[in-house]
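We're numbering straight along the sequence, starting at 1.
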Amino acid sequence: MVERTAVLIRRATEADLPALEWDGEYRHFRRVYRAAMQDARRDLRLVLVAEVEGEVVGQVFVQFENIHLDPGGRHPTGYLYALRIRPPFRNQGLGTALMAHAEKDLRQRKFQRAVIAVAKENAGALRLYQRIGYRVFAEDPGNWSYIDDEGELRHIFEPSFLLDKNLSAPPASGSLT
């Protein structure tokens, strides 16, 4: 475990793109990240990073348009994804802080609901989301595709739970939002 130091949660910039690849581990998402940053510049998404001593150690992305999650558009819904914390910085509240900042942004934009997917095998993330007020509302087969950094189409199969949180309710006491 790393000794807790000051954490800065901020909007990502183009200069952060290499850091989001986490020393090459997520290089295959290079085009996905670049597209997310382009959407963020047009205010269609939000990309947040957690920084400790100048190093990006965590991230979360927020997509503002999610018609597939609420087809009738009755409850403006933000979709959170790609929440990651570097292993030495886990279990120190960074995931909670990133989620709180994302939720605060969604509330300011008048979103009433937040949704996040978690792989069924990721028990730790599921516990985090439930601890901060998310509830499982559906299962998702987790079939999706993307173009990797070499231009190849990759197909992913990752069965997941879909969780949501009512953002129009007052934050629970002790919440960071």
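For the pair Arg84 and Tyr33, the NZ or CZ position fails the cation-pi test of under 6.0 Å to the six-membered ring centre and within 45 degrees of the ring normal.
For Glu103 (side chain) and Leu167 (main-chain N/O), no donor-acceptor pair under 3.5 Å exists by modelled atom type. Although no hydrogens or angles enter the test, the distance criterion places no donor-acceptor pair under 3.5 Å between the side chain of Asp105 and the main chain of Ala102. A side-chain donor-acceptor contact under 3.5 Å links Arg31 to the backbone of Asp148. No donor-acceptor distance shorter than 3.5 angstrom exists from the side chain of Lys165 to the backbone of Tyr129, with no hydrogens or angles considered.
When hydrophobic clusters are built by joining Ile, Leu, Val, Met, Phe, Trp and Tyr residues whose side-chain heavy atoms come closer than 4.5 Å, directly or via intermediates, Val60 is not grouped with Leu8. Phe157 and Val118 end up in different hydrophobic clusters when Ile, Leu, Val, Met, Phe, Trp and Tyr side chains are linked at under 4.5 Å. Tracing side-chain contacts under 4.5 Å through hydrophobic residues (I, L, V, M, F, W, Y), one reaches Tyr79 starting from Trp144; they form part of the same cluster. Follow the hydrophobic side-chain contacts under 4.5 Å out from Phe29 and you reach Tyr81 in the same cluster. Taking hydrophobic clusters as Ile, Leu, Val, Met, Phe, Trp and Tyr residues chained together by side-chain heavy-atom distances below 4.5 Å, Ile116 shares a cluster with Val136.
Two residues are said to be in side-chain contact when any heavy atoms from C-beta on lie closer than 4.5 Å; Ile156 and Tyr146 meet this criterion. Put simply, the side chain of Asp43 reaches to within 4.5 Å of the side chain of Arg109, judged on heavy atoms. With a 4.5 Å cut-off on side-chain heavy atoms, Asp39 and Gln63 do not count as touching. Put simply, the side chain of Arg11 reaches to within 4.5 Å of the side chain of Leu48, judged on heavy atoms. Counting heavy atoms from C-beta on, the side chains of Val49 and Arg10 come closer than 4.5 Å. Side-chain contact between Val115 and Tyr134 is absent, with no heavy atoms from C-beta onward closer than 4.5 Å. Two residues are said to be in side-chain contact when any heavy atoms from C-beta on lie closer than 4.5 Å; Val32 and Phe61 fail this criterion.
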Kindly indicate, with the supporting measurements, whether the criterion side-chain contact (heavy atoms from CB on, under 4.5 Å) is fulfilled by Arg131 and Thr96. CA-CA 9 Å; Arg131 182 175 50 76; Thr96 300; 3.1 Å; yes

Evaluate side-chain contact (heavy atoms from CB on, under 4.5 Å) for Leu46 paired with Leu106, printing each intermediate quantity in order. CA-CA 9 Å; Leu46 174 66; Leu106 287 169; over 6 Å; no

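Of all the heavy atoms in Ala50 and Ile9, the pair that sits closest is CB-CD1, 3.7 Å. Contact record, Val56 with Arg86: O-NE, 3.4 Å, taken as the closest heavy-atom pair. Considering all non-hydrogen atoms of both residues, Gly95 and Ile85 come closest at N-CD1, 3.8 Å. Shown here for Pro18 and Glu14, the closest heavy-atom pair between the two residues is CD-O, 4.1 Å. Between Leu80 and Ala114, the closest heavy-atom pair is CD1-CB, 3.7 Å. Closest of all the heavy-atom pairs between Ser145 and Leu153 is CB-CD1, 3.8 Å.
From Leu163, atom CG reaches atom CG of Asp140 across 11.5 Å, with rounding to the nearest 0.5 Å. Here the straight-line distance linking atom CG of Asn166 with atom CZ of Arg113 works out to 9.5 Å at 0.5 Å rounding. Taking CD from Gln59 and CG from Asp16, the interatomic distance works out to 10.0 Å, rounded to the nearest 0.5 Å.
Look at Asp164 and Arg135 and you find a salt bridge, because one of the NZ, NE, NH1 or NH2 atoms lies within 4.0 Å of a carboxylate O, short of that distance. Look at Glu158 and Lys120 and you find no salt bridge, because none of the NZ, NE, NH1 or NH2 atoms lies under 4.0 Å from a carboxylate O.
Scored by the ring-ring contact (aromatic ring centres under 6.0 Å, His included) test, Tyr26 finds Trp22 as partners (sequence neighbours excluded). Applying the salt bridge (Lys or Arg N to Asp or Glu O under 4.0 Å) rule to Arg30 yields the partners Glu21; only residues at least two apart in sequence or on another chain are considered.
Shown here is Arg127, whose CZ atom has no more than 12 heavy atoms of other residues, nucleotides or ligands within 6.0 Å. Within a 6.0 Å sphere centred on CZ of Arg34, heavy atoms belonging to other residues, nucleotides or ligands number 12 at most. Environment of CD in Gln108: crowded, with over 12 heavy atoms of neighbouring residues, nucleotides or ligands closer than 6.0 Å.
In this structure, Phe64 and Phe111 have tilted ring planes: the angle between them lies in the 30° to 60° band.
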